[in-house]
Amino acid sequence: MTPIYIAPVQGHTDAAWRHFHHETYGGDNRYFTPFIRCEHGELRKQDLRDFTSELNAGTDLEPQVIFRDMTELDTLLSKLQAEGAERINLNMGCPFPLQTGKGRGAGFLGNREEIARLKDTLRKYPEISFSVKMRLGYEDPEEWRGVIDVLNSLDLRHIDVHPRVARQQYGGELHLDQFRALLGESRNPVVFNGDIRTPEDMTETFNRFPEIAGVMTARGVLGRPSLAAEYSEGREWSREERLEKMLRFHRTLLDHYTATLCGETQLLSKIKPFWEYAEEEIGRKPWKAIKKSTNIAKYHSAVAQILNE
């Protein structure tokens, strides 16, 4: 069975989320840390803590880095290598203006001078294997053509391609014609990433692009945590089964945060994002009640509405 790649989402898929997701659903899933970046010339300590957390034991985890030039990338790679990283994912796909405006993520795709230096930088770390997460471009879905030669010169485990441009964020059409063209020109395995929300979406994607090396999902698995397990089992779970497992997953995560965080405010700010993408799965009424809850008692009452829906 082809592994499912669980893409990271800042503020959601931290070490605890990954640990308890794997504990609840199992499966041959590949997880990635939310992107690790430099701040004032140094790797951010909170990012490193997530990668080195003891909760990562037992999960197939790969750190992801985001950078604007080879100086930042070199700093990130050297530090992560010292922490034992053997695989690293290079983020060239983040569409958020806070990062692209600084030349990171999808904003890096237009920096041809730095991209040309990528091979020499990666060559300094022969013990590490690399993968790349990217968009088709920043504004133009054919921008990938300007970087494919460099990517083809690298021995990458896979390239994870979201077939939109950064300007689209997560809406608008998928440029599947450009994805197919990239798939045909890439010398590295290609993973499809984008709008995978149901097991049927996965099946249709593999049928449409049988050459792909796998699929990647982020918001899809946040809204439907059983997604990868359902596909791996070859059956779509009933809504009751999905909700029962989702609530079990939530309970273990909530218990962990309750034991490790201080005060209701901190606890609510950490656990409420669990439901951010789950409106369709749990129903609009409990979803809105969870979102509006201002204390832990109201939060528990809102979560209890899920099964009533």
Side-chain angles (χ1 to χ4, degrees), residues 4-36 46-64 197 216-232 237 239-283 286-309:
I4 305 301
Y5 297 88
I6 308 297
V9 179
Q10 290 283 335
H12 293 80
T13 60
D14 62 5
W17 187 95
R18 299 188 302 264
H19 173 84
F20 292 111
H21 181 268
H22 181 69
E23 184 178 83
T24 304
Y25 296 99
D28 183 23
N29 301 321
R30 311 288 171 83
Y31 297 88
F32 298 80
T33 67
F35 59 68
I36 299 170
Q46 60 264 46
D47 295 344
L48 187 59
R49 282 196 297 270
D50 183 74
F51 172 61
T52 58
S53 170
E54 61 184 16
L55 289 171
N56 293 323
T59 61
D60 188 330
L61 179 66
E62 184 170 342
Q64 181 183 104
R197 299 188 179 94
M216 174 177 278
T217 177
R219 285 152 184 79
V221 79
L222 286 173
R224 184 169 173 162
S226 57
L227 177 57
E230 292 180 74
Y231 179 77
S232 296
W237 295 3
R239 185 168 186 272
E240 291 75 14
E241 188 176 2
R242 299 199 309 268
L243 290 181
E244 187 276 328
K245 274 287 184 75
M246 191 175 191
L247 288 167
R248 186 192 307 175
F249 173 28
H250 165 261
R251 169 51 63 183
T252 60
L253 192 59
L254 178 61
D255 288 346
H256 170 77
Y257 288 146
T258 300
T260 56
L261 300 176
C262 298
E264 283 193 4
T265 300
Q266 193 176 36
L267 178 59
L268 286 173
S269 68
K270 195 70 173 174
I271 195 62
K272 285 169 70 172
F274 179 89
W275 307 102
E276 183 174 344
Y277 298 96
E279 179 182 356
E280 184 175 345
E281 186 76 343
I282 68 175
W287 183 82
K288 286 184 68 176
I290 289 169
K291 195 172 183 179
K292 292 168 62 177
S293 59
T294 54
N295 59 51
I296 201 67
K298 291 180 179 178
Y299 175 80
H300 283 305
S301 178
V303 171
Q305 294 181 33
I306 293 174
L307 291 180
N308 294 333
E309 283 288 295

Got a donor-acceptor contact below 3.5 angstrom from the K298 side chain to the K292 backbone?
no
SB check R197 E280 (cutoff 4.0 Å):
no
Rounded distance [0.5 Å steps], OG in S53 versus CG in L48:
11.0 Å
Counterpart residues, ring-ring contact (aromatic ring centres under 6.0 Å, His included), relative to H12 (two or more places apart):
Y277
Spatial distance of atom CG (L243) from atom CZ (R248) [nearest 0.5 Å]
12.5 Å
Treating E23 as the side-chain partner and H19 as the backbone partner, does any N or O pair qualify as donor plus acceptor under 3.5 Å?
no
Given the options H21, R18, E62, Y31 meets side chain to side chain donor-acceptor pair (under 3.5 Å) only with H21
Roughly how far, to the nearest 0.5 Å, is the CZ atom of F20 from the CG atom of L55?
6.0 Å
Within the structure provided, determine whether T33 and D47 are in side-chain contact (heavy-atom separation under 4.5 Å).
no
N56 side chain to A15 main-chain N or O, any donor-acceptor pair under 3.5 Å?
no
Could you grab the distance from atom CG of L253 to atom OG1 of T24, nearest 0.5 Å is fine?
9.0 Å
Going by heavy atoms in the side chains, are L307 and L247 under 4.5 Å from each other?
yes
Spatial distance of atom CG (L254) from atom CG (L267) [nearest 0.5 Å]
5.5 Å
For Y257, give me all partners under ring-ring contact (aromatic ring centres under 6.0 Å, His included), at least two apart in sequence or on another chain.
none
Does atom CD of Q46 have more than 12 heavy-atom neighbours, drawn from other residues, nucleotides or ligands, at distances under 6.0 Å?
yes
First locate atom CD1 of I296, then atom OG of S301, and finally report the distance between them rounded to the nearest 0.5 Å.
11.5 Å
Any side-chain heavy-atom pair of E230 and R224 under 4.5 Å:
yes
Identify the two heavy atoms, one from I6 and one from N29, that lie closest to each other, and give their separation to 0.1 Å.
CG1-CB, 4.0 Å
If you compare all heavy atoms of G27 against all heavy atoms of H22, which two are closest, and at what distance to 0.1 Å?
O-CE1, 3.7 Å
Determine whether P8 and Q64 make a side-chain contact, defined as any pair of heavy atoms from C-beta on separated by less than 4.5 Å.
yes
Give me the one residue out of L261, T265, T258 that meets side chain to side chain contact (heavy atoms under 4.5 Å, CB included) with K270.
L261
Heavy-atom check, side chain of K288 versus side chain of K291, under 4.5 Å
no
With the side chain counted from C-beta on, respond yes when D50 and P34 share a heavy-atom pair under 4.5 Å apart, and no when they do not.
yes
Flag side-chain contact, heavy atom, 4.5 Å: R242 against R239:
yes
Student check: side-chain heavy atoms of L222 and E276 closer than 4.5 Å
no
E241: partners by salt bridge (charged side-chain N to carboxylate O under 4.0 Å, His left out), with sequence neighbours left out
R235
Pairing residues for D60 by the side-chain hydrogen bond (donor to acceptor under 3.5 Å, both in side chains) criterion, not counting sequence neighbours
R30, R87
Shortest non-hydrogen contact from P225 to M246?
CD-CE, 3.7 Å
Check ring-ring contact (aromatic ring centres under 6.0 Å, His included) between F32 and all other residues, then give those that pass, not counting sequence neighbours.
none
If I compare all heavy atoms of I36 with all of F51, which pair ends up nearest, and what's the gap?
CD1-CB, 4.3 Å
Using every non-hydrogen atom in the two residues, find where W17 and D14 come nearest and quote the distance to one decimal.
N-OD1, 2.9 Å
Applying ring-ring contact (aromatic ring centres under 6.0 Å, His included), name anything that partners H250, two or more places apart in sequence or on another chain.
F274, W275, Y299
In terms of heavy-atom contacts, G11 and P273 come closest through O-CB, 4.1 Å
